[in-house]
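The structure under discussion appears below in the form of structure tokens.
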Amino acid sequence: MARKARSRDSAREAVVEKVDGGLAELMPDRDRPRAWTLLVDGAPQSHVDLDDPAHLDFEYQRRLGHIADLVAPPGKPVHALHLGGGALTMARYIAATRPRSTQQVVERDSALVQLVRRELPLDPQARIRVRGADAREALEKVADGWADLVIADVFSGARTPAHLTTTEFLTAVRRVLKPGGYYAANLADGPPLAYLRGQVATAAAVFPELALVADPTVLRGKRFGNAVLLGSDTPLPVPELTRRSAGDPHPGRVEHGRALADFTGGAAAVTDAAAVASPAPPPSVFR
């Protein structure tokens, strides 16, 4: 049962509801009349503007938006697979910027999906199919070479589950990508960046072309934060990605090639046998 809670926005109320993954809150954005932020157990998950689904507010989602913009010529419809749904922000973005795209969203938390679809309804014209399932199990059912773009943004609470961090998982991702397709993952880590380095090494074992986008302070191990990893079997548009990331409100740095290989510091690729979930963020991150 959802309950309404008065927020700092006097015109709208927050929606608070228990979901499978914890306590979900939809908080109104005071600056945008039909925009909302989704939090689960206090951790910000997504931001959606129903009036302007092409608006991306969160830093990491802007990075993912750049990748979605560069995966094909502007406006061309694509096949996109989203592992992790949240408030369906990226699926809405692609539907708005690439009309007639065909998209699949996999979100394990069925109660969260119901909340989002009820309170933040999708455009009925968008070709978006939402499935309640485990991301890796659903991935195994996707046809070979179906996707132009696979976005992984899966968190249980504030941690990525271990079985979505391995070479076996990424091998399955590569199977469903078309030649030239992109894999983009939202990763979260802090000093000493052991998890992030391991994820880059893991992706390097599967994808011949890689790039990593993050705030420079995150890449230097100064604070906990998000990094977006991009992989493909074809050369990446690094100069354009660099230009767009540098122009963000919170500018990002792009690492690739030798610099990215050096960043891994000799970290080993992660396999199913040794995988662990991503590190939990320190409590101060969400204050």
Return the set of residues passing side-chain hydrogen bond (donor to acceptor under 3.5 Å, both in side chains) with [X] (not counting sequence neighbours), or none when no residue passes.
X	answer
His47	Asp29
Asn226	Asn186
Lys141	none
Gln45	none

Non-hydrogen atoms of [X] and [Y] that approach each other most closely:
X	Y	result
Ala24	Leu115	CB-CD2, 3.7 Å
Ala162	Ala275	O-CB, 3.5 Å
Val276	Thr165	O-OG1, 3.9 Å
Ala133	Ala138	CB-CB, 4.2 Å
Ser245	Val254	OG-CG2, 4.1 Å
Pro279	Asp189	CG-OD1, 3.1 Å

Sequence neighbours excluded, every pair satisfying salt bridge (charged side-chain N to carboxylate O under 4.0 Å, His left out) that has a member inside [range]:
range	answer
residues 199-218	Asp215-Arg223
residues 120-131	none
residues 78-96	none
residues 169-179	Asp144-Arg175, Asp148-Lys178

Return the [atom1] to [atom2] distance between [X] and [Y], rounded to the nearest 0.5 Å.
X	Y	atom1	atom2	answer
Leu50	Leu120	CG	CG	5.5 Å
Met90	Ile151	CE	CD1	4.5 Å
Glu25	Asp41	CD	CG	8.5 Å
Glu59	Leu64	CD	CG	11.0 Å
Gln61	Leu56	CD	CG	6.0 Å
Asp57	Thr89	CG	OG1	9.5 Å

Using the rule that two of Ile, Leu, Val, Met, Phe, Trp, Tyr join whenever any of their side-chain heavy atoms come within less than 4.5 Å, decide whether [X] and [Y] are in one cluster.
X	Y	value
Phe58	Leu88	no
Leu196	Ile67	no
Val176	Leu149	no
Leu260	Leu70	no
Phe224	Val228	no

Could you tell me whether a side-chain N or O of [X] sits under 3.5 Å from a main-chain N or O of [Y], the two making a donor and an acceptor?
X	Y	answer
Ser46	Ala87	yes
Gln103	Ile128	no
Arg100	Ala126	no
Ser101	Val78	yes
Arg34	Asp52	no

side-chain contact (heavy atoms from CB on, under 4.5 Å) for Leu241 and Leu236? Distances and angles first, verdict last. CA-CA 9 Å; Leu241 181 60; Leu236 297 168; over 6 Å; no

Verdict with reasoning, Asp153 to Leu83, per side-chain contact (heavy atoms from CB on, under 4.5 Å): CA-CA 6 Å; Asp153 186 12; Leu83 304 177; over 6 Å; no

Quick one, [X] and [Y] - any side-chain contact, counting heavy atoms below 4.5 Å?
X	Y	answer
Thr102	Pro77	no
Pro192	Arg197	no
Pro239	Thr242	no
Leu112	Leu38	yes
Leu210	Leu230	no
Glu119	Gln114	no
Leu81	Leu139	yes
Phe155	Val40	no

Please identify each residue that fulfils side chain to side chain contact (heavy atoms under 4.5 Å, CB included) with Glu168, with sequence neighbours left out. Arg136, Thr166, Thr271, Asp272

In chain order, what residues pass the side chain to side chain contact (heavy atoms under 4.5 Å, CB included) check against Ala280, with sequence neighbours excluded? Arg159

Please test Thr167 against Val270 for side-chain contact (heavy atoms from CB on, under 4.5 Å), starting from the C-alpha separation and ending with a verdict. CA-CA 6 Å; Thr167 54; Val270 178; over 6 Å; no

Could you walk me through whether Thr160 and Leu187 satisfy the side-chain contact (heavy atoms from CB on, under 4.5 Å) test, starting with their C-alpha distance in whole Å, then the side-chain angles of each, then the deciding distance to 0.1 Å, before giving a yes or no? CA-CA 8 Å; Thr160 299; Leu187 308 173; 5.6 Å; no

May I have all residue pairs that pass ring-ring contact (aromatic ring centres under 6.0 Å, His included) and include part of residues 66-115, sequence neighbours excluded? His79-Trp146

What residue pairs, at least two apart or across chains, pass ring-ring contact (aromatic ring centres under 6.0 Å, His included) with a residue in residues 159-200? Tyr183-Phe207

With a 4.0 Å cut-off on N to O distance, would you call Arg244 and Asp69 a salt bridge? yes

Electrostatic pair Glu240-Arg243, nearest N-O below 4.0 angstrom: yes

Apply salt bridge (charged side-chain N to carboxylate O under 4.0 Å, His left out) to residues Asp248 and Arg63 and explain how you reach the verdict. CA-CA 9 Å; Asp248 283 339; Arg63 321 288 198 218; 2.7 Å; yes

Apply the test side-chain hydrogen bond (donor to acceptor under 3.5 Å, both in side chains) to residues Arg32 and His55: give CA-CA distance (whole Å), side-chain angles for both, the deciding distance (0.1 Å), then the verdict. CA-CA 11 Å; Arg32 289 176 169 263; His55 172 77; 3.1 Å; yes

